[in-house]
**Student:** 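Pasting a structure below so you can have a look.
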Amino acid sequence: MPLIATETLAPNSLPYEQQHQVYCGLDTMVTLEVFHALREMRPRLPAIYSFERALQGPYLEIMQRGFAVDQLARASAARSLQERIDGLQIQLDEFAMAAWGRPLNPNSPAQLKDFFYAKMRLPEVWLSQKGERKLSCNREALEKLETYLYARPFVSIILSIRELKKQLDVFNTEIDPDGRYRTSYNIAGTETGRPSSSSNAFGTGGNAQNIAAGLRYVFIADPGWKLCVIDLEQVEARDVGFFCGCLFDDWKFLNACESGDLHTANCRLIWPERHWTGDLKKDRTLADELFYREFSYRDMSKRGGHLTNYFGTPWTMARHLKIPLRLAEDFQDRYAKGPSPAYPAIPRYWAWVAQELQTSHRLVTPFGRERHFFGRAGDDTTLREGIAFLPQSTTADRMNLGLWRVWKKMPEVQLLGQTYDSITFQFREDADEAAIVQRALELIRVELVARNGRRYIVPGEAKVGWNWASRHQDGKAFGKGNRFNPDGLVKWRAGKDKRRRGESATTA
DNA sequence: GACCCCCGCCAC
DNA sequence: AAACGTGGCGGGGGTC
């Protein structure tokens, strides 16, 4: 039975404005009725619900303010990308005309399948994605086709065009007339409590949470202001470590996370027979030595560790890192699964999640966020959702609490965005930078206490600058095509870098 | 032409 | 047999 007899309102017979009023009324009143019904089932509102409502303040502010965009940089980047794409497309069409008498659209999987598999008669590349085997022309499939000499020039141009087009989309996103990129944040849209980001209600702006690192330099502080980005270091890994400690009193993984360099510490545990010295610098050098092809031991523990924490199989790990299956199996045995693994608590964490799903079909995070799992408790997919839920959700609430506190306690700064494990705000250039950054870092600290009394925080790392990209990448000046980015973000350290805007790092 | 699904791909 | 999770967007290409 409908809550409201909508047919009596006959909205289509009403004038346009009244149709909207009816629509709006249904939207809000039905929601309210649902709320009342739920409220009866649960008279005490969960704290997490009030928290979500409190987040409306800072997020509305972020959405209204928008993030300033360097219009000249944006336009010139868009122009040069378009030129490069046009040039490549002409080349691709020349090849394609010669090969099959028509042009080829690199963004059409249908045309590519026709071209590579029917016309060129190359062996089909079937990939399994989300449980389904598919004839694919994605990057992974095309890279497999590169083994065939005739396919090579096509593959390389297609991949280049796709990559450049993706970048162009970011620069071509419509920005508001005042030069600001306004994104819409959905506070309560996800399963985990993460906010999501999308284009706004007027159709301008876009997802601000998936801008590639190399394109962020077009996002800038307002005149007279400076950006600060604070991110939570290794936050999801630490959360997994905290759960292992709380559940099984096994703190080895959290200890490794807190040792200063998680990935090097991981390497020592995973490959104990290597000649570790205990000296941070020397051990880092040892961890940076190559393990397989371009992968160092440290890379392996970083990428493989994350994947393994989330119940990724050796098969997935081998595919993802492009390494032999045996190496992935060997890694996982030493990391978590073998007879004497570095982190035996991790499989215990998986088993505990499986048990919870079997018995209660629900999980609750340290912040009291509860999620019911409606999938079949025994399915791997359900288990994976559960395993990922706890750290993801804990991270989301931790970051949002930090964001809310900065908004509430630091009226002198202006929030600009949230990117899962980081927040971005701007502060006045003539303000006391050290005081502001330190205060924000304090507010980001959220302490959790385990039953054994162990206190757990995730440290924040601050970066400051005048645009949203890093000034350096791998120790070098950073940017697209070696673009020098002197106004980019640098790691903030107390008392360091009093450089003013536009001065290069070397003259500071 | 509006709508919808699929594909590919970006983020953490 | 299937093979790590959470999201959003643009384009192609089908249907209505």
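Chain A is the first sequence line, chain B the second, and so forth, proteins listed ahead of strands; every chain is numbered from 1.
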**Student:** Please enumerate all protein N or O atoms sitting under 3.5 Å from an N or O of nucleotides 7-9 of chain C, with distances to 0.1 Å.
**Tutor:**
unit_1 : atom_1 : unit_2   : atom_2 : d
C:dG7  : OP1    : A:Glu191 : N      : 2.9
C:dG8  : OP1    : A:Ser196 : OG     : 3.0
C:dG8  : O4'    : A:Asn207 : ND2    : 3.0
C:dG8  : O3'    : A:Ser197 : O      : 3.4
C:dC9  : OP1    : A:Ser199 : N      : 2.5
C:dC9  : OP1    : A:Ser199 : OG     : 3.4

**Student:** Look up atom CZ in A:Arg326 and atom CD in A:Glu329, then write down how far apart they are to the nearest 0.5 Å.
**Tutor:** 8.5 Å
**Student:** Answer with base, sugar-phosphate or nothing: what part of the nucleic acid does A:Arg303 contact at a heavy-atom distance below 4.0 Å?
**Tutor:** nothing
**Student:** Quick one: are the ring centres of A:Tyr181 and A:Phe67 less than 6.0 Å apart?
**Tutor:** no
**Student:** Quick one: pull up CG in A:Leu262 and OG in A:Ser301 and give me the separation to the nearest 0.5 Å.
**Tutor:** 7.0 Å
**Student:** Taking the six-membered ring for Trp, is the centroid-to-centroid distance between A:Tyr217 and A:Trp468 below 6.0 Å?
**Tutor:** no
**Student:** Check every strand shown and say whether A:Ile387 touches a base, only sugar-phosphate, or nothing at a heavy-atom separation below 4.0 Å.
**Tutor:** nothing
**Student:** Should A:Asp299 and A:Arg303 count as an ion pair when the cut-off is N to O under 4.0 Å?
**Tutor:** no
**Student:** Taking only Lys NZ, Arg NE, NH1 and NH2, and the carboxylate oxygens of Asp or Glu, determine whether A:Arg298 and A:Asp261 approach each other closer than 4.0 Å.
**Tutor:** yes
**Student:** A:Tyr349 OH to C:dG5 C1': how many Å, rounded?
**Tutor:** 11 Å
**Student:** Sort and list the pairs that fulfil salt bridge (charged side-chain N to carboxylate O under 4.0 Å, His left out) and have at least one residue in residues 171-184 of chain A, not counting sequence neighbours.
**Tutor:** A:Asp176-A:Arg182, A:Asp178-A:Arg182, A:Arg180-A:Asp222
**Student:** For the CD atom of A:Glu52 and the CG atom of A:Asp397, what is their distance to the nearest 0.5 Å?
**Tutor:** 7.0 Å
**Student:** Once each nucleotide of nucleotides 11-16 of chain C is scored for protein heavy atoms under 4.0 Å, what B/S/- sequence comes out, 5' to 3'?
**Tutor:** SSS---
**Student:** Going by side-chain contact (heavy atoms from CB on, under 4.5 Å), A:Leu416 matches just one of A:Ile62, A:Ile423, A:Thr424, A:Thr183. Which one?
**Tutor:** A:Thr424
**Student:** Please report the distance, rounded to the nearest Å, between CD in A:Glu385 and C1' in C:dG5.
**Tutor:** 8 Å
**Student:** Are the aromatic rings of A:Trp352 and A:Phe248 close, with centres under 6.0 Å apart?
**Tutor:** no
**Student:** Sticking with atom P, work out how far C:dA3 lies from B:dC7, rounded to a whole angstrom.
**Tutor:** 15 Å
**Student:** Contact list please: residues 304-311 of chain A against DNA chain C, heavy atoms, distance less than 4.0 Å, in numerical order.
**Tutor:** A:Leu307, A:Tyr310
**Student:** Checking all strands, does A:Ser136 fall into the base, sugar-phosphate, or nothing category for heavy-atom contacts under 4.0 angstrom?
**Tutor:** sugar-phosphate
**Student:** For a 4.0 angstrom threshold against heavy atoms of chain A, report the outermost contacting nucleotides of DNA chain B in 5' to 3' order.
**Tutor:** B:dC7 to B:dC12
**Student:** Got a sec, which pairs hit salt bridge (charged side-chain N to carboxylate O under 4.0 Å, His left out) with one end in residues 351-364 of chain A, sequence neighbours left out?
**Tutor:** A:Arg362-A:Glu370
**Student:** C:dG5 C1' sits how many Å from A:Arg384 CZ, rounded?
**Tutor:** 10 Å
**Student:** With ring centroids as reference points, do A:Phe367 and A:Phe51 lie under 6.0 angstrom apart?
**Tutor:** no
**Student:** Got a salt bridge between A:Glu83 and A:Arg79, using NZ or NE/NH1/NH2 to carboxylate O under 4.0 Å?
**Tutor:** no
